[in-house]
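Comments concern the structure below.
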Amino acid sequence: MRSHHQILTDAESKLAASDHSFFTTLMAEVGDERPTSKGFEELELVMLSRASDAFAELYPDHVGVGLVDAVYNGIPALGLTGREVSAAVARRCVENCPA
């Protein structure tokens with residue numbers, strides 16, 4: 001199984017090359033670890049937690065918007081698109097995860 005840092009880095013790099021949100025690319029990377037692998041469910045929860053924590057850290061006054069809505073629809077009050085929120089959350093996830 002790849003390290004958490006590698007999974008996050010791979011998801012961030014695929015974000016730049018796609019029209020998907022970071023949430024979608026992250027879940028695809030987690031899915032590549034095989035649902036039958038030992039610890040898969042825990043990995044999924046840890047990655048969702050990392051993304052939620054990064055979102056809350058970046059946008060503490062907009063947590064009520066929700067991570068999933070924000071990466072798809074943006075945060076209109078801040079003038080941010082979903083792509084911008086996705087990119088920021090992806091960067092923060094990688095920054096906060098030791099290699």
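Both backbone and side-chain heavy atoms feed into the values below; hydrogens, waters and symmetry mates do not.
At a threshold of 4.5 Å between non-hydrogen side-chain atoms, the residues S49 and D53 count as touching.
Here CG of L48 is found 7.0 Å from CG of L26. Values are rounded to the nearest 0.5 Å. Separation of atoms NE2 (H4) and CE (M47) is listed at 4.5 Å; rounding is to 0.5 Å. Summarising the geometry, atom CD belonging to Q6 is positioned 10.5 Å from atom SG belonging to C97; distances are rounded to the nearest 0.5 Å.
Scored by the salt bridge (Lys or Arg N to Asp or Glu O under 4.0 Å) test, E57 finds R92 as partners (sequence neighbours excluded). Partners of S52 by side chain to side chain contact (heavy atoms under 4.5 Å, CB included), not counting sequence neighbours, listed by chain and number: L67. Listed by chain and residue number, R2, I7, D10, A11, K14, D32 satisfy the side chain to side chain contact (heavy atoms under 4.5 Å, CB included) test with E29 (two or more places apart in sequence, or in another chain). Partners of H20 under the side chain to side chain contact (heavy atoms under 4.5 Å, CB included) rule, at least two apart in sequence or in another chain, are S18, T24, T25. Here N73 pairs with D69 under the side chain to side chain contact (heavy atoms under 4.5 Å, CB included) rule; sequence neighbours left out.
Residue pairs satisfying the ring pair (Phe, Tyr, Trp, His ring centres under 6.0 Å) criterion with at least one member in residues 57-99, sequence neighbours excluded, are listed as follows: F55-Y59. The list of salt bridge (Lys or Arg N to Asp or Glu O under 4.0 Å) pairs with a residue in residues 79-89, not counting sequence neighbours, is empty.
With hydrophobic clusters built from ILVMFWY side chains whose heavy atoms lie under 4.5 angstrom apart, V68 does not share a cluster with V46. A single hydrophobic cluster is seen to contain both L78 and F22, as judged by linkage of ILVMFWY side chains at heavy-atom distances under 4.5 Å, directly or through other members.
Taking both residues in full, the closest heavy atoms of C93 and A51 are given as SG-CA, 3.6 Å, listed atom of the first, atom of the second, then distance. Across E12 and A90, no two heavy atoms sit closer than the pair CG-CB, 3.9 Å. Considering every non-hydrogen atom in both P76 and G74, the closest pair reads CD-O, 3.5 Å. For I75 against A70, the heavy-atom pair with the smallest separation is CG1-CB, 4.0 Å. Closest approach of S21 and L15 over heavy atoms only: C-CD1, 3.7 Å.
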